[in-house]
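Residue indices begin at 1 and follow the sequence shown.
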Amino acid sequence: LEKQEIVSFFSGNPSFEVTSGVIHLYRYKHTEDSEGKPALQLCVLAVPSYMSGADFCQFAAGYIDHVTEMRVLRDASPNKYMVLITFSDAEFVDLFYEQFNGKPYNSLDPEI
């Protein structure tokens with residue numbers, strides 16, 4: 001059985017529309033989706049809440065041209081959020097993961 005964690009989330013502006021659901025987080029690098037196609041999505045966990053969406057885009061600037069969609073997801077934690085990123089090609093999923101997995105968001109932030 002695969003090691004996974006299920007996290008409840010919500011997304012959107014509560015004044016207009018909110019989407020909620022669960023996301024399945026796998027404990028290892030997934031290279032294919034459930035249909036055997038190359039995985040195009042990656043979820044960045046625990047982005048500190050002091051980082052705005054624009055700050056996160058600047059952090060990931062080297063890959064922005066290869067991103068087709070970015071969605072901010074929140075859970076019950078007030079001090080962090082997640083970003084679900086869809087890339088245009090699986091190659092960029094792997095490159096992004098290799099470059100940023102385990103790295104701090106800035107040199108002053110010891111948390112990962």
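Note on Leu40: it does not cluster hydrophobically with Leu42, by side-chain heavy-atom contacts below 4.5 Å among ILVMFWY residues. By the rule that hydrophobic residues join a cluster once side-chain heavy atoms approach within less than 4.5 Å of another member, Leu45 and Ile6 end up as members of separate clusters. In this structure, Phe100 is a member of the same hydrophobic cluster as Tyr50, with clusters built from ILVMFWY side-chain heavy atoms closer than 4.5 Å.
In terms of heavy-atom proximity, Ser11 sits nearest to Leu73 at CB-CD2, 3.9 Å. Of all the heavy atoms in Ala90 and Ala39, the pair that sits closest is CB-O, 3.6 Å. For the residue pair Lys80 and Arg74, the shortest heavy atom distance occurs at O-NH1, 4.4 Å. Counting all heavy atoms, side chain and backbone alike, Val22 lies closest to Ser8 at CG1-OG, 4.0 Å. Nearest heavy atoms, Ser52 versus Tyr81: O-OH, 3.6 Å.
Judged purely by atom type and a 3.5 angstrom limit, Tyr105 has no side-chain atom pairing as donor or acceptor with the backbone of Phe56. Between the side chain of Thr86 and the backbone N or O of Gln41, no donor-acceptor pair lies under 3.5 Å.
Residues passing the ring pair (Phe, Tyr, Trp, His ring centres under 6.0 Å) test with Phe9, sequence neighbours excluded: none.
Atom CD of Gln58 is surrounded by 12 or fewer heavy atoms from other residues, nucleotides or ligands within 6.0 Å.
Once rounded to the nearest 0.5 Å, the distance linking NZ of Lys103 with CZ of Phe59 reads 9.0 Å. To the nearest 0.5 Å, atom CE of residue Met82 and atom OG of residue Ser77 are 8.0 Å apart. Rounding to the nearest 0.5 Å places CD of Glu69 at 12.0 Å from CZ of Phe87.
Between Asp89 and His66, the closest side-chain pair of non-hydrogen atoms is not below 4.5 Å.
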